[in-house]
Amino acid sequence: MYQQYREGWLEVISGCMFAGKTEELIRRIKVLQYAKKNIVVFKPRIDDRYSDVDVVSHAGTSVKSIAVSTAAEMMKYITPQTEVVAVDEVQFFDEEMVAICNQLADEGKRVMAAGLDMDFRGVPFGIMPQLITHAEFVTKLTAVCMQCGAPATRTQRLVNGKPASYHDPIVMVGASESYEARCRHCHEVADRPHPQQTVKKG
């Protein structure tokens with residue numbers, strides 16, 4: 001997969017919640033740590049579900065990281081000796097992250113970014129479409145639908161046990177919400193706008 005002569009590329013790990021994105025990112029980081037690579041790992045400061053400082057998967061594996069509020073803040077911790085830059089929950093960052101990931105890859109660094117490709121509405125999440133477009137390597141992971149057992153590609157948000165509204169904030173701090181992995185057919189969003197037109201068959 002990585003048999004190329006020039007160092008420097010961007011790889012993205014995407015998928016819905018519970019698909020194992022962080023687990024896969026941590027696996028790659030630990031392989032590179034074993035190879036004695038100079039690695040810097042980042043996470044968004046907003047993501048403090050399991051730890052303020054570690055990247056932690058739902059399965060409980062973890063690696064030390066640096067929590068930052070903006071993509072630009074990462075540059076304070078990256079040196080010419082840095083060989084690998086890893087970012088978890090990358091969907092929470094702004095468009096500057098795209099430029100920085102490209103810049104780091106152009107400088108010969110291996111950049112690994114993991115994040116949700118769609119938000120709870122089933123809409124592309126923030127900068128993820130751009131990152132996926134610029135990446136040399138993209139891994140899309142699936143979970144198991146908690147309703148029917150089919151491959152799950154979407155994240156179901158439930159607020160007080162009911163499907164969240166399309167008009168709810170993308171990030172809800174302090175809400176009594178929960179998430180499930182769902183397939184296309186079991187995914188529900190309340191108050192979803194009707195499409196302006198449908199594709200005619202035949």
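Pairing each heavy atom of Cys16 with each of Leu116, the nearest pair is C-CD2, 3.6 Å. Minimum interatomic distance between Val41 and Ile29 (heavy atoms only, all atoms of both residues): CG2-CD1, 3.9 Å. Minimum interatomic distance between Met17 and Ala181 (heavy atoms only, all atoms of both residues): O-CB, 3.7 Å. Ile132 approaches Val138 most closely through the heavy-atom pair O-CG2, 3.8 Å. Of all the heavy atoms in Ala105 and Val111, the pair that sits closest is N-CG2, 3.9 Å. Minimum interatomic distance between Ala143 and Phe18 (heavy atoms only, all atoms of both residues): CB-O, 3.4 Å.
Grouping the Ile, Leu, Val, Met, Phe, Trp and Tyr side chains by contacts below 4.5 angstrom, directly or via other members, places Met118 apart from Met128. When hydrophobic clusters are built by joining Ile, Leu, Val, Met, Phe, Trp and Tyr residues whose side-chain heavy atoms come closer than 4.5 Å, directly or via intermediates, Val144 is not grouped with Met146.
Under a 3.5 Å cut-off, the side chain of Glu73 and the backbone N or O of Ser69 do form a donor-acceptor pair. Counting only distance, with no hydrogens or angles, the side chain of His187 and the backbone of Thr153 share no donor-acceptor pair below 3.5 Å. The closest donor-acceptor contact from the side chain of Arg182 to the backbone of Gln156 lies at 3.5 Å or more, if one exists at all. Side-chain N or O atoms of Glu96 include none that pairs as donor or acceptor with a backbone N or O of Thr70 at under 3.5 Å. Put simply, the side chain of Glu83 gets close to the backbone of Asn38: a donor and an acceptor are under 3.5 Å apart. With Arg192 contributing its side chain and Ser165 its backbone, the two residues share no donor-acceptor pair below 3.5 Å.
A donor-acceptor contact under 3.5 angstrom links the side chains of Glu89 and Gln91, judged on distance only.
Contact of the Leu32 side chain with the Arg110 side chain is registered, since non-hydrogen atoms from C-beta on lie closer than 4.5 Å. At least one side-chain heavy atom of Phe120 sits under 4.5 Å from a side-chain heavy atom of Ile170. Using a 4.5 Å cut-off on side-chain heavy atoms (C-beta onward), Val90 and Phe42 make no contact.
Through direct or relayed side-chain contacts under 4.5 Å between Ile, Leu, Val, Met, Phe, Trp and Tyr, Val189 connects to Val123, Tyr166.
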Query raised in the report: Between Thr139 and Arg28, does a side chain to side chain donor-acceptor pair (under 3.5 Å) hold up when you go through it step by step?
Result: CA-CA 12 Å; Thr139 303; Arg28 296 183 191 185; 3.1 Å; yes
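In this view, Thr82 and Thr79 satisfy the side-chain hydrogen bond (donor to acceptor under 3.5 Å, both in side chains) rule, not counting sequence neighbours. Remark: His134 pairs with Asn102 by the side-chain hydrogen bond (donor to acceptor under 3.5 Å, both in side chains) rule, at least two apart or across chains.
Here the options are Lys21, Arg154, Lys140, the test is salt bridge (charged side-chain N to carboxylate O under 4.0 Å, His left out), and the partner is Asp117; only Lys140 passes.
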